[in-house]
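As the structure lists them, so they are numbered: ligands from 1, and atoms in each ligand from 1.
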Amino acid sequence: MTINIRVPETNNIAEHLDVLALYRTMVTARVTNDILKTRKTQGRYPFYIGCAGHESMAAVAMALKKDDWMSLYYRDLAAWLQRTGDIYGPFREAYSRITGPMCAGRNMPSHYSSKHHRILPTFSEVAALAPFAGGVGFSLKWHKSKNIIMFTCGDGGTATNDFNALFRQVSIHQLPVLIVVEDNGWAITAPSTIQWGGSLIEWAKGGNVYAEEVDGTNTIETFQATSRFVDHIRSGRGPVLMHLRLGLLDAHSSSTDIKAYRTKEEIELTMATKDPVKNLGRWLIENGHIQDSDIERIRKEVRAELESAEAEILQESEPTAERVMQHVVYIPKWQENIPQGTKKQLPMLGAISEALVEIARRDPDFFVYGQDVGSPRGGVFGATSMLVNQYPERVISSPLNEQVIVGIAAGAGMVDGKARCAEIQFVDYHQSAAQTIRLAARTSYQSFGNWTVPLLIRTKSGSGGGGPISSGGTGGGAFGHSNAGEQWFTSIPGMVTICPSTPFDAKGLLLEAARSQSPVVFLERGRLYRSEPPKDNLGNPIRVMADYWFVPEGYYTLPIGRARRLKIGNGPAQLSIICWGTMVLESCTAAANIVNSKGGSIEIVDLRTLAPFDEEAIKSSVREANRVIVVTEESDLTSFGRHLHSWITQNCFYDLDATPAFISALPAPAAPYNALEESAFFPTAHSIAQKIGELLEE
Ligand SMILES: Cc1ncc(C[n+]2csc(CCOP(=O)(O)OP(=O)(O)O)c2C)c(N)n1
């Protein structure tokens, strides 16, 4: 590919342009802006952020096809109007009406979004859509589509991690993405000079992304340049960054006083020279398209039309309190199915590998994206090695950036409506992608169900090593490799968190997770990857668990949100242990040892899904046993386990004959490296057995 050579001029682009329609759209944006700004000042709603100075974005949108994708930011009212023709939408959202096409009144105004018009949902976090836009671009390239996606942000947006993740995505994979940096010189009160060093254009070119500076105050030039860039991208010559120079004609938002940070001279100069609406009006007159008097006539016509729309909208309903919990999470309805395949003994890693192959077999566009996943080894743990063997084109090794990884899978999932898999090597390292994950989980709520983000994040979590601490080696994962991780995800509304304890569950739940419309994090416990069924102190495998190391071939699914209850011993349970992942094995061992020596019976409730967790299973187990212990591998600091413990206290209080007990890892930063110290950090069968003994005597 040749870069750094000016994208050629396309002849007479402006001749085919309906300049009058374009001008009217820009005037509509400006007048909408002026009305909404005034209404905010009149106290009609809490907040407004406007588009004045950015109206030439209508020309940018016009240069795209109607079915190209767009990822807009809050100054892009003109692009919204150009794409949708919907003059009602911005008013509906400002007045927070249920008819709002972007968020049904759930978010602040100017958060443009429409699945129907292929406009991704805008987030308040500056440039936060960037990694998702890269994912959409990845999907378009994957599908060999002729469509492209345009991503926009301000000059401040270029400094964010998200923007840099997008840049890496488009540059490495040469994605069909037009990045538009709308540089109005300001990020609230910060001048654009502090957002990057050197030249944005040279920086982009150095990364194999064609880039040009364009005068956004000149709408015709903006349209012509965008058309050239779009041709360039559509013909497969790679991504483009357009550095669009604009002026900001208003204060940053209704919360900012323009005079507090900008000089009178600079404001006057900006108003006089950088107003794209005035500039285009002047051009239309000079080129004989309209006369002087038409400028005011058009403005008045547009204003009358908008005021009449506003009057209608004021009659529409506002949201009611009853809808506040709608569209939080989208979990598929589980269809009962009986595994048909021959069962064979497999460790959890093998079960996960089989599940990935099954998903790929049933869904031709399913892929796994992550560090090292495409190598013959199949990632650092080998979970994708079967996939690499059977479907090598579906396993793509990524650069070392978790936000890049999650963004690719999330954006591609939004295009396809099906989960694509992001593999994160260790849960500790999801942190650079934390914002992207949280936003993915928030999207269906924010857009009132218009968008969902199906996304499957698989990650190794908890301590590593060969088997559970009690029956195998310790992991030595220490800092950076041994966090349990559930508290990071279970605290995100809209996120599904799964943590299997057996190979059978891992396969069935992973296959079901791939059907979810809400993002799922699948916590794979390192200690369980190769572990055998747990054994008691007599060396006998624990019968109620051992069966789940036999995994049926082929496809079967298990329900999300449903726990498994395992009874150890005979008769009514004297105690219930609520746990998940590795702690199920530890708890089973502890329970079996106690039952071996003292008789009786203990019930283990293996949650399997942590969010949403199976409230009924917990309630009914506690009702039966009247004594309960929650066991978690997390540190005891505002953990998911603590949440569960508090939930039990609140919801099962009258069924309890003793204080609900809680066992966790210690409230230290992480498990130490040394085996003895590590064992002191995590709960073990020994510490669980001790607690069982105490509780049974209470
Ligand atoms: C990640 C993040 N940090 C801070 C903010 C607060 N904030 C809102 S808009 C804005 C300035 C953005 O500037 P720029 O990208 O240049 O766009 P402009 O408003 O100038 O068009 C800031 C800092 C935010 N919304 N998101």
Nearest neighbour in protein (non-hydrogen) for atom 16 (O) of ligand 1: Gly156 N, 2.7 Å
State the OG1-CZ distance between Thr443 and Arg438, to the nearest 0.5 angstrom. 12.0 Å
So which protein heavy atom does atom 25 (N) of ligand 1 come closest to, and at what separation? Ser124 O, 2.9 Å
Does atom 3 (N) of ligand 1 have a protein heavy-atom neighbour under 4.0 Å away? no
Would you say the side-chain atoms of Tyr429 pair up with the backbone N or O of Gly480, donor to acceptor, closer than 3.5 Å? yes
Give the ring-plane orientation class for Tyr73 versus His54, where under 30° counts as parallel, over 60° as perpendicular and anything between as tilted. perpendicular
At less than 4.0 angstrom from any non-hydrogen atom of Glu125, what atoms of ligand 1 do you find? 26 (N)
Heavy-atom proximity to atom 26 (N) of ligand 1, picking from Leu248, Asp162, Val126, points to Val126
For Glu182 and ligand 1, does the shortest N/O to N/O distance drop below 3.5 Å? no
Can a protein heavy atom be found under 4.0 Å away from atom 12 (C) of ligand 1? yes
Enumerate the atoms of ligand 1 whose separation from the nearest heavy atom of Tyr74 is less than 4.0 angstrom. 9 (S), 10 (C), 11 (C), 12 (C), 13 (O), 17 (O), 18 (P), 19 (O)
Any idea which atoms of ligand 1 are less than 4.0 Å away from a heavy-atom of Asn184? 18 (P), 20 (O), 21 (O)
Per-atom contacts of ligand 1 with Trp186, taking only distances under 4.0 Å to non-hydrogen atoms: 14 (P), 16 (O), 18 (P), 20 (O)
Could you tell me, atom by atom, which parts of ligand 1 come under 4.0 Å of a heavy atom of Tyr73? 17 (O), 18 (P), 21 (O)
So which protein heavy atom does atom 22 (C) of ligand 1 come closest to, and at what separation? Ile188 CD1, 3.5 Å
Can you establish whether the number of heavy atoms outside Arg168 located under 6.0 Å from its atom CZ is more than 12? no
Verdict with reasoning, Ser171 to Asn208, per side-chain hydrogen bond (donor to acceptor under 3.5 Å, both in side chains): CA-CA 6 Å; Ser171 127; Asn208 221 4; over 6 Å; no
So CZ of Arg245 and CG of Asp215: to nearest 0.5 Å the spacing works out to 10.0 Å
